[in-house]
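Remarks on the structure that follows.
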2 protein chains.
Amino acid sequence: MEEIHLVFARNLKAIREKEKLSLEKVSQLSGVSKTMIGQIERGESSPTLTTIWKIANGLKVSFSELIHEPQPETEVIFGEDIQFLTEDHGKYIVYPHFPFQKDRRFEIYRIEIEQGGTLNAEAHREGTEEYLTVFDGELIIRIQDRDYRLSSGDAIRFKADRPHTYINPCDTVTRLSMTIYYPR
Amino acid sequence: MEEIHLVFARNLKAIREKEKLSLEKVSQLSGVSKTMIGQIERGESSPTLTTIWKIANGLKVSFSELIHEPQPETEVIFGEDIQFLTEDHGKYIVYPHFPFQKDRRFEIYRIEIEQGGTLNAEAHREGTEEYLTVFDGELIIRIQDRDYRLSSGDAIRFKADRPHTYINPCDTVTRLSMTIYYPR
DNA sequence: CTTATATGTACAATATAACGCACATTATGT
DNA sequence: ACATAATGTGCGTTATATTGTACATATAAG
């Protein structure tokens, strides 16, 4: 996921050049200093909400035009490029393949749990659902004192707006796909 | 026009309370400090683009949900409440009745020009148009060496993407309505 | 009532956004 | 070529966004 302020930077510069405006002109139109406009365009600064507003008004463009990242029709994410996260002393590894995007309502992760690895997850927002598919090993999902044991090839859907626990009961690694859906 | 960060503040607090989340929880979800969340909600801070992003992601809400100001069906603007601007040593007074809004494409001002008042306006963006209606006095609009003289009751539309000048040639005040339209 | 826990605010310290000015470089005109 | 203006960047200063800790108040538990 590209840094948001770099998206902003690129969009701002594109709009400015499309309108054939100088930094000075944008500065006058928006009431934001020329220096700051330059820094923002170069991605050296993450503008404040009020300055974003000033710029949007000065340029007569919508907020979303400035933060919109053009989505390619096809997108490839290579595993080695993903910045993963770990829990439970490195035994629980999360690969965020498709993080949340405002216009979608879900995000997709890949999870690896080493032998004996465990993770206690807090309750998510009301109505949130999780969809898990196990690819390798065994997985126990504990939800409200109920245990569900899944093997490779199994899948489960459950309401994630309550605490739940992921457990790898075996001595082999467990690998699974996780999709989280946020309603509304 | 209400300050944008106050709109953000209200929306954030509304969403948080709707979800029954504490400041602490929002902090964990977003990775922004509890203190900062509190300050933003109280309108004491104008958050940075990156923190706006963090909050939007943590709460799984769209950017626009946080900056959207619910528009009442009917809105009354009292002249005395308007913060006016002056040019030409106070002889040219601007009352911004309906400033630009992203989803609209125009803004409406009321202008008063004292006797002998003059304003040289820079060229606006390509395609911009102005619609003027004179209510009192006389007005001369100078566009590319052409003078257009208007009296009370007259109106004019012209392309404002070039320099133009407003002149009150009389010894009485000139009052007019100005609508600026931004294409695309 | 007392103790513990949670929730929101006040405060001091730090990081960084924002500004004004000066500089280097590039266009523009004569 | 030269002067002039315009454009974008570097720098020091100021303003403020952000954080962590401590505090106050409320809420729940015993």
Side-chain angles (χ1 to χ4, degrees), chain A residues 3-59 63 66-67 120 122-126 161-163, chain B residues 2-59 63 66-67 120-126 161-163:
Chain A
E3 300 267 3
I4 181 67
H5 71 279
L6 298 181
V7 177
F8 190 95
R10 184 160 1 95
N11 288 339
L12 173 55
K13 184 164 191 177
I15 293 173
R16 183 173 70 84
E17 293 180 343
K18 183 161 171 292
E19 301 286 342
K20 297 204 194 335
L21 300 174
S22 66
L23 291 180
E24 175 68 27
K25 253 292 157 43
V26 176
S27 173
Q28 294 171 233
L29 289 170
S30 62
V32 177
S33 74
K34 181 176 63 170
T35 309
M36 182 58 8
I37 303 289
Q39 286 188 23
I40 293 171
E41 275 193 1
R42 275 172 273 137
E44 298 174 9
S45 185
S46 180
T48 282
L49 179 58
T50 55
T51 65
I52 295 173
W53 191 86
K54 287 181 188 173
I55 293 173
N57 269 276
L59 263 44
F63 223 92
L66 287 169
I67 60 170
N120 292 305
E122 296 292 314
H124 295 180
R125 270 184 41 194
E126 168 74 23
D161 53 7
R162 58 208 62 176
Chain B
E2 190 171 18
E3 300 268 5
I4 182 67
H5 72 278
L6 298 181
V7 176
F8 190 96
R10 184 162 359 97
N11 288 340
L12 173 55
K13 184 165 190 177
I15 293 173
R16 183 173 70 85
E17 292 180 343
K18 183 162 171 291
E19 302 286 342
K20 298 207 194 329
L21 300 173
S22 66
L23 291 181
E24 175 68 27
K25 254 290 158 40
V26 175
S27 173
Q28 294 172 232
L29 289 171
S30 62
V32 177
S33 73
K34 182 176 63 169
T35 309
M36 179 67 351
I37 303 289
Q39 286 189 24
I40 293 171
E41 275 193 1
R42 275 171 274 135
E44 298 174 10
S45 186
S46 180
T48 282
L49 179 57
T50 55
T51 65
I52 296 174
W53 163 260
K54 289 181 188 172
I55 294 173
N57 268 278
L59 263 43
F63 221 92
L66 288 169
I67 60 170
N120 291 306
E122 297 292 314
H124 296 180
R125 269 183 42 195
E126 167 74 23
D161 52 7
R162 59 208 62 175

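Order of the sequence lines sets the chain letters (A, B, ...), proteins ahead of strands, with each chain counted from 1.
Atom pair L21(A):CG and dG8(D):C1' shows a separation of 15 Å (rounding to whole Å applied). Going from atom CE of M36(A) over to atom P of dT16(D) covers 14 Å, rounded to whole Å. Atom NZ of K20(B) and atom P of dT7(C) are 13 Å apart (whole Å). For L49(B) and dA17(D), the CG to P distance is 14 Å, given to the nearest whole Å. The interatomic distance linking H5(A) (NE2) with dA17(C) (P) rounds to 8 Å, in whole Å. For the pair W53(A) CH2 and dA17(C) P, the interatomic distance rounds to 22 Å; values are reported in whole Å. Atom pair Q28(A):CD and dG20(C):P shows a separation of 13 Å (rounding to whole Å applied). One interatomic measurement links the two molecules: CD of E3(B) to P of dT16(D), which rounds to 12 Å at whole-angstrom precision.
For dG8(D), the OP1/OP2 oxygens have a side-chain nitrogen or oxygen of R16(A) closer than 4.0 Å. The phosphate of dA17(D) has neither OP1 nor OP2 within less than 4.0 Å of any side-chain N or O from T51(B). A sub-4.0 Å separation between OP1 or OP2 of dA17(D) and a side-chain N or O of T48(B) is absent. Residue S22(A) places at least one side-chain N or O under 4.0 Å from the OP1 or OP2 atom of dT7(D).
Within the nucleic acid shown, S33(A) comes within 4.0 Å of at least one base atom, counting heavy atoms only. E44(A) comes within 4.0 angstrom of the backbone, heavy atoms only, and of no base.
Contact check for E24(B) versus I37(B): no side-chain heavy atoms found under the 4.5 Å cut-off. Within the 4.5 Å cutoff, the side chain of W53(A) has no heavy atoms near those of the T48(A) side chain. Using a 4.5 Å heavy-atom threshold, the side chains of H5(B) and S45(B) count as separate. Side-chain contact between F63(B) and L49(B): present, with at least one pair of heavy atoms (C-beta onward) separated by less than 4.5 Å.
The nucleotide whose nearest atom lies closest to any side-chain atom of Q39(B) is, among dT9(D), dA18(C), dT19(D), dT19(D). Checking dG10(D), dT19(D), dG8(D) against the side-chain heavy atoms of K54(B) singles out dT19(D) as nearest.
Of the options R10(B), R16(B), K13(B), a side-chain hydrogen bond (donor to acceptor under 3.5 Å, both in side chains) to E41(B) is made by R16(B) and by none of the others.
Across the interface with DNA chain D, nearest-nucleotide mapping of S46(B) and K34(B) shows S46(B) to be the residue nearer the 5′ end. Toward the 5′ end of DNA chain C lies the nearest nucleotide of K13(B), the other residue of the pair K13(B) and I52(A) mapping further downstream.
Interface remark: the T35(B) side chain does form a donor-acceptor pair with the dG20(D) base, using a distance-only criterion of under 3.5 Å.
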